[in-house]
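Reading through the structure tokens given below for one structure.
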Amino acid sequence: MPEQNIFQPDSKLSRSSYISSIQQYEELYKLSIDHPEKFWNNVVKQFHWETPHADSKSFMSYNFDISKGPISIKWMEGASTNICYNLLDRNIKNGHGDKIAFYWEGNHPEDYTRFTYRKLLEEVCRFANVLKMHGVNKGDRVAIYMPMIMETPIAMLACSRIGAIHSIVFAGFSSDSLAERMKDCKAKVLITSDGAWRGEKLLHLKQICDHALEKAQELGHHVETCIVVKHIHRVTAPKPELIEDFSVEMRDDRDFWWNDEMEEAEPSCYPEWTSAEDPLFMLYTSGSTGKPKGVLHTTGGYLLYSSTTFKLVFDYKPGDVYWCTADIGWITGHTYVVYGPLANAATSVMFEGTPFYPDNDRFWQVIDKYKVTQFYTAPTAIRSLMTFGDEPALKHNLDSLKILGSVGEPINPEAWLWYYKIIGKEKCSIVDTFWQTETGGHVITPLPGCTPMKPGSASFPFFGVKPMLLDEGGKEIQGEGEGYLVFSQPWPGMMRTVYNDHKRFEQTYFSKFPGYYCTGDGAKRDKDGYLWITGRIDDMLNVSGHLMSTAEVEAVLTEHSRVSEAAVVSRPHPVKGECLYCFITPNQNEPFDKQLIDELKVLVRERIGPFAQPDAIQHAPGLPKTRSGKIMRRILRKVAVNDRDVGDISTLADENIVEILFNNRPSK
Ligand code: 6R9
């Protein structure tokens, strides 16, 4: 078992936290599993329902067993509400109109602003009216490709106000990826900005969108409207010379400036009442077959779950200032920058920039500036900041911090301890939150002030979540052991389907173990019942918290005309967690040279995005395959780390290839 040190929560924090002891957690947990309605009803009451759900029977219903019929998950059937109304109007009615919803901190330290709940509602209503003017109706899909600026949550909430479904594509994806996603969801409108600064880099977002819109057209889908936020001229330029030849092309019949549209729009907009099971948003996540899946979340359950996990996992109290550094383009940004905090009338920091600009102490400087109480980031960020030593953090006053969160990948004990000691001064609870795009919110996590912490363990299930470990044959592993992490009953915030492909939803998550939602991750349970996530058990990899599939990258590499075959595995990386290691078999008589390597790197950046760029590309005159032609990735992973202890290779069609691959490893 990994590190077994236990860290007790700070007693002052325990005294004030919502859930203050393991006993209290266990009682509530039991209630949430045995009587979901009793548990969730307290949350239901906090929100406005235009129509309440019909009766107890309609509170929750589900089928997780494919042999008994289609998989289905429903919460609060028959109820209607509007999530934007609950996040804004309801909070204003409750006296929070002048409360700060967001402190926006730009890329440049001189750019900052703030938005109250009232101001946010006004802007959201205006933009909802803009969308309506452009013919967006309930159920239509709106693609969003934006930096971390206030217009992003405004656009999301405007969609939810009129019942449109937002589909955000992280603005680090390439134009091809954006096009593919817009085509898959048949987006009517695309919202973007002219560009964005990331540190000293200027990103040409509108240009990427222009290519994507063209490409979508080639793929057979026409996006009618593109709305563009003018951003880069409004803010301080880290490198003014880069703006000199920055230009944006606007097509008269398709492109509109955000500000021009907003000027004419009314600042009020009656919310569209949507059914609890109406779609709220979709968000693409990598699929192990290559094509991304549009994970679909619905309204009522997601509201209950995002608000409750936010409140209890971050122990959010009025007066706190919370900061989640995730980009809104990922699920963490959806649930824990936008929906969860606003549902609790919270005050958050929203940050446009990077941890390294203008200096490596930016995170710590921002925590000090806003007196942040809860800070939520990813292990990859912690690891890269650790490399600069303690001094950048020690320069700032971090005393306001109470809770530190981690998300996206397993946090190694070394990074955990640094976070705990140097950032949290041994008085903060660390919440290592395990969850997925599919789960909508945290599913396995410690609770602050409550759970004794083990560095590297996500510890225990959140309320309503019932995890189990299964062996390869589907038998449950009780007590200590390791297996597939599955869930045996639904919680309100879990995904409902893959957009337009319910079969794929059933196939991906419910076919391996009938009756269970399969996460695709492995986990261990130790003698104290703590869960330790061991990582993906499918062909997925996690680079700096970005999940991608080996198949997706292989498909891109083999597009190159000189490549015959490609295989991709993950290799451990000290900062990114994992990185891509690629094996390339060129076509017969084609050389494997630097030019090819460079072209392949560019290709992956173009097709997927810069974060997917391989760290190593090696020549593979052949790949280790079984007689039935399956690539043995286990062996490739050994080659990637230069570990000659490859185990049994007798099932290979050609055993000699293993030695050749070891000898062909790149020199650095
Ligand atoms: C929220 C998010 C999901 C995958 C998941 C797992 C890994 C996330 C983790 C973690 C260990 C944690 N993961 N949090 N592994 N400990 N605390 O990241 O969603 O982008 O869909 O990724 O990330 O492998 O299956 P998503």
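We count ligands from 1, going down the list as the structure has it; atoms in each ligand are counted the same way. Sequential numbering from 1 along the given sequence is applied to the chain's residues.
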Practice task
Mark yes or no: Arg181 above the aromatic ring of Phe173, with NZ or CZ under 6.0 Å from the six-membered ring centre and no more than 45 degrees from the axis.
Solution key: yes

Exercise for the section: Just jot down the side chain to side chain contact (heavy atoms under 4.5 Å, CB included) partners of Asn86, sequence neighbours excluded, or say none. Expected result: Phe47, His48, Thr81, Arg90, Leu303

Handout entry: Proximal candidate to atom 16 (N) of ligand 1 [heavy atom criterion; set Glu409, Arg536, His334]
Key = Glu409

Practice task
Would you mind checking if Asp10 and Lys402 are paired as a salt bridge, meaning a charged N to carboxylate O distance below 4.0 Å?
Solution key: no

Handout entry: ligand 1 contact on Ile533 by region, counting heavy-atom pairs under 4.0 Å
Key = side chain

Exercise for the section: Please state which part of Pro410 comes within less than 4.0 Å of ligand 1, counting heavy atoms only: side chain, backbone, both or neither. Expected result: both

Handout entry: Heavy-atom gap Trp435 to ligand 1 smaller than 4.0 Å
Key = yes

Exercise for the section: Just go through Leu283, Thr437, Thr433 and tell me whose heavy atom is the nearest to atom 26 (P) of ligand 1. Expected result: Thr437

Completion exercise
Counting from 1 in the order shown, the ligand 1 atoms closer than 4.0 Å to a non-hydrogen atom of Thr332 are 1 (C)

Exercise for the section: Check whether the ring centres of Phe510 and Phe505 lie less than 6.0 Å apart, and answer yes or no. Expected result: yes

Problem - Close approach of Asp432 to ligand 1, heavy atoms, under 4.0 angstrom - result: yes

Practice task
Compute the minimum heavy-atom distance from Gly520 to ligand 1 and say whether it is under 4.0 Å.
Solution key: no

Handout entry: Location of contacts on His546 toward ligand 1, heavy atoms closer than 4.0 Å
Key = neither

Practice task
Could you list which atoms of ligand 1 come closer than 4.0 Å to a heavy atom of Ile331?
Solution key: 1 (C), 19 (O)

Handout entry: atom 7 (C) of ligand 1 - nearest protein heavy atom and its distance
Key = Gly408 O, 3.3 Å

Problem - Electrostatic pair Arg571-Glu578, nearest N-O below 4.0 angstrom - result: no

Exercise for the section: Heavy-atom contacts with Val407 under 4.0 Å: which atoms of ligand 1 show up? List them by number with element. Expected result: 1 (C)

